There are 2 protein chains.
Amino acid sequence: MSLLPDNESAVRAAAVFAALGDPTRLALVERLRDGRAHSIMQLSSGFDLTRQGVTKHLSALEAAGIVIRKRTGRQTHFSIERKTLENSAAYLASVSQQWDETLGRLETLLAKTRD
Amino acid sequence: MSLLPDNESAVRAAAVFAALGDPTRLALVERLRDGRAHSIMQLSSGFDLTRQGVTKHLSALEAAGIVIRKRTGRQTHFSIERKTLENSAAYLASVSQQWDETLGRLETLLAKTRD
DNA sequence: CATAAATGCAACCTCCTGGTTGCGCGTTTT
DNA sequence: AAAACGCGCAACCAGGAGGTTGCATTTATG
């Protein structure tokens, strides 16, 4: 019995978190916070990475649904997919919230008495 | 110039996300949603993993500050550190929120005109 | 049309990660 | 005091992730 996240939202959440888990990728997201679309050249500048390296990370973000790619002419622009981040934020919030509702710190102590 | 997340909150956020990025680890967090403290034996049951394997994951979660370890007698209990998840949720929310505030979809289009 | 610019694609390499096994050590239990 | 329980630690291993180089491709520019 492998009870890995059968929960749909949890599965996707894991993918999103994995994508955001890399420092470079998170930095890229930070760069996209302005909500505008940036080309790969723009995004590559400032990193100790090859353009191809950055592209890989952007593809990873795209695969996780965090970012949207759109080619225009000879350059490719990336922008943030707001909804994905919102969902993940909501997921995390729900976890800590449930922790809050059900018993929380008190039960934590009582658990030690049980079994 | 390597402009990796100099921002403190972003650095920690990356660590937390990396920890939550693994399906097994996220499943463990799911199991701890009840807010109570569970022993390693309890948490191990149901996974296609060795106890030592699960322990490794729990240690990773602990290192990221997502979980708290407390040894009592011969068994070790883990429980959720609510604040860490709250912070990460807030971080994600702030990113998508800023996207919303600043221009968002409109500017996304305009950006294509620029440079 | 020749060339430069911006990107895509594939092969390759290294190192970290997730997983295992084996064993030792403190704590209950009988 | 044995034996069983719950756990920590170390070594080890395969595979994937992050990164590179090299070249092909498409689009703009002079």
Side-chain angles (χ1 to χ4, degrees), chain A residues 1-5 11 14-29 31 37-64 66-79 111-115, chain B residues 1-5 11 14-29 31 37-64 66-79 111-115:
Chain A
M1 177 198 352
S2 120
L3 47 75
L4 285 185
V11 205
V16 173
F17 293 146
L20 294 177
D22 180 89
T24 302
R25 241 129 53 197
L26 195 58
L28 284 172
V29 171
R31 278 209 170 184
H38 299 262
S39 76
I40 295 187
M41 280 275 88
Q42 295 177 226
L43 293 173
S44 299
S45 77
F47 287 96
D48 287 341
L49 278 192
T50 319
R51 168 188 58 83
Q52 290 90 325
V54 174
T55 300
K56 271 197 177 182
H57 284 296
L58 288 171
S59 298
L61 288 173
E62 182 194 18
I66 300 175
V67 135
I68 291 184
R69 153 191 267 133
K70 180 163 190 177
R71 182 142 198 179
T72 308
R74 70 179 162 186
Q75 54 190 9
T76 301
H77 293 268
F78 287 87
S79 54
K112 279 186 270 178
T113 312
R114 260 184 328 103
D115 78 320
Chain B
M1 176 200 347
S2 120
L3 46 78
L4 284 186
V11 206
V16 173
F17 293 147
L20 294 178
D22 181 89
T24 303
R25 241 127 56 195
L26 195 59
L28 284 171
V29 171
R31 276 209 171 184
H38 298 262
S39 77
I40 294 187
M41 279 274 89
Q42 296 176 224
L43 292 174
S44 298
S45 76
F47 288 95
D48 286 341
L49 279 191
T50 320
R51 168 188 57 84
Q52 290 91 324
V54 174
T55 299
K56 272 197 175 181
H57 284 297
L58 288 171
S59 298
L61 288 173
E62 182 194 19
I66 301 175
V67 136
I68 292 184
R69 151 190 268 135
K70 180 163 190 176
R71 181 143 198 178
T72 309
R74 70 178 161 186
Q75 55 190 7
T76 301
H77 293 267
F78 287 87
S79 53
K112 279 185 269 175
T113 311
R114 257 184 330 102
D115 77 320

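Within every chain, numbering begins at 1; the chains are lettered A, B, ... in the order of the sequence lines, protein sequences first and strands thereafter. Source: prediction; values computed, not measured.
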Peer 1: Got a second to check how far A:L43's CG is from A:L49's CG, nearest 0.5 Å?
Peer 2: 12.0 Å

Peer 1: Ignoring backbone atoms, establish whether A:T50 has a side-chain N or O less than 4.0 Å from OP1 or OP2 of D:dT20.
Peer 2: yes

Peer 1: Can you confirm whether A:I66 sits close enough to A:R25 that some side-chain heavy atom of one is under 4.5 Å from a side-chain heavy atom of the other?
Peer 2: no

Peer 1: Examine C:dT7: is either OP1 or OP2 under 4.0 Å from a nitrogen or oxygen in the side chain of A:R69? Give yes or no.
Peer 2: no

Peer 1: D:dG19 C1' sits how many Å from A:L58 CG, rounded?
Peer 2: 15 Å

Peer 1: Grab the CZ-P distance between B:F78 and D:dC7 for me, whole Å please.
Peer 2: 9 Å

Peer 1: To the nearest Å, how far apart are A:D22 CG and D:dG16 P?
Peer 2: 18 Å

Peer 1: Nearest whole angstrom, please: distance from the C1' of C:dC25 to the CZ of B:R71.
Peer 2: 9 Å

Peer 1: Which listed nucleotide (D:dC23, C:dT20, D:dG18) is nearest to the side chain of A:Q52?
Peer 2: D:dC23

Peer 1: Taking only N and O in the side chain of A:R25, is any of them less than 4.0 Å away from OP1 or OP2 of D:dG18?
Peer 2: yes

Peer 1: If I take atom CD in residue B:Q42 and atom P in nucleotide D:dC5, what distance separates them, rounded to the nearest angstrom?
Peer 2: 16 Å

Peer 1: Which residue lies toward the 5' end of DNA chain D, B:I40 or B:K56, if each is placed at its nearest nucleotide?
Peer 2: B:I40

Peer 1: Expressed as a whole number of angstroms, how long is the span from B:H38:NE2 to D:dC7:C1'?
Peer 2: 18 Å

Peer 1: Any chance you could measure B:R31, atom CZ, to B:S44, atom OG, to the nearest 0.5 Å?
Peer 2: 8.5 Å

Peer 1: What do the steps show when you test B:R69 against B:R71 for side-chain contact (heavy atoms from CB on, under 4.5 Å), and what is the final call?
Peer 2: CA-CA 7 Å; B:R69 151 190 268 135; B:R71 181 143 198 178; 5.8 Å; no

Peer 1: Roughly how many Å is it from CD in B:E62 to P in D:dC7, rounded to a whole number?
Peer 2: 14 Å

Peer 1: Mind checking if B:G73 touches a base, just sugar-phosphate, or nothing, with heavy atoms under 4.0 Å?
Peer 2: sugar-phosphate

Peer 1: Please determine, for the side chain of A:Q75, which listed nucleotide (C:dC9, C:dT7, D:dG18) has the closest atom?
Peer 2: C:dT7

Peer 1: Toward the 5' end of DNA chain D, which comes first, A:V54 or B:M41, by nearest nucleotide?
Peer 2: B:M41

Peer 1: Could you give the CG-to-C1' distance, from B:L26 to C:dG18, as a whole number of Å?
Peer 2: 16 Å

Peer 1: Roughly how far apart are A:H38 NE2 and A:S45 OG, rounded to 0.5 Å?
Peer 2: 10.5 Å

Peer 1: Below the 4.0 Å mark, does D:dG19 have OP1 or OP2 next to a side-chain nitrogen or oxygen of A:H57?
Peer 2: yes

Peer 1: Should B:T76 be listed as having a side-chain N or O under 4.0 Å from OP1 or OP2 of D:dG6?
Peer 2: no

Peer 1: Reckon B:R51 has a side-chain N or O less than 4.0 Å from the OP1 or OP2 of D:dC5?
Peer 2: no

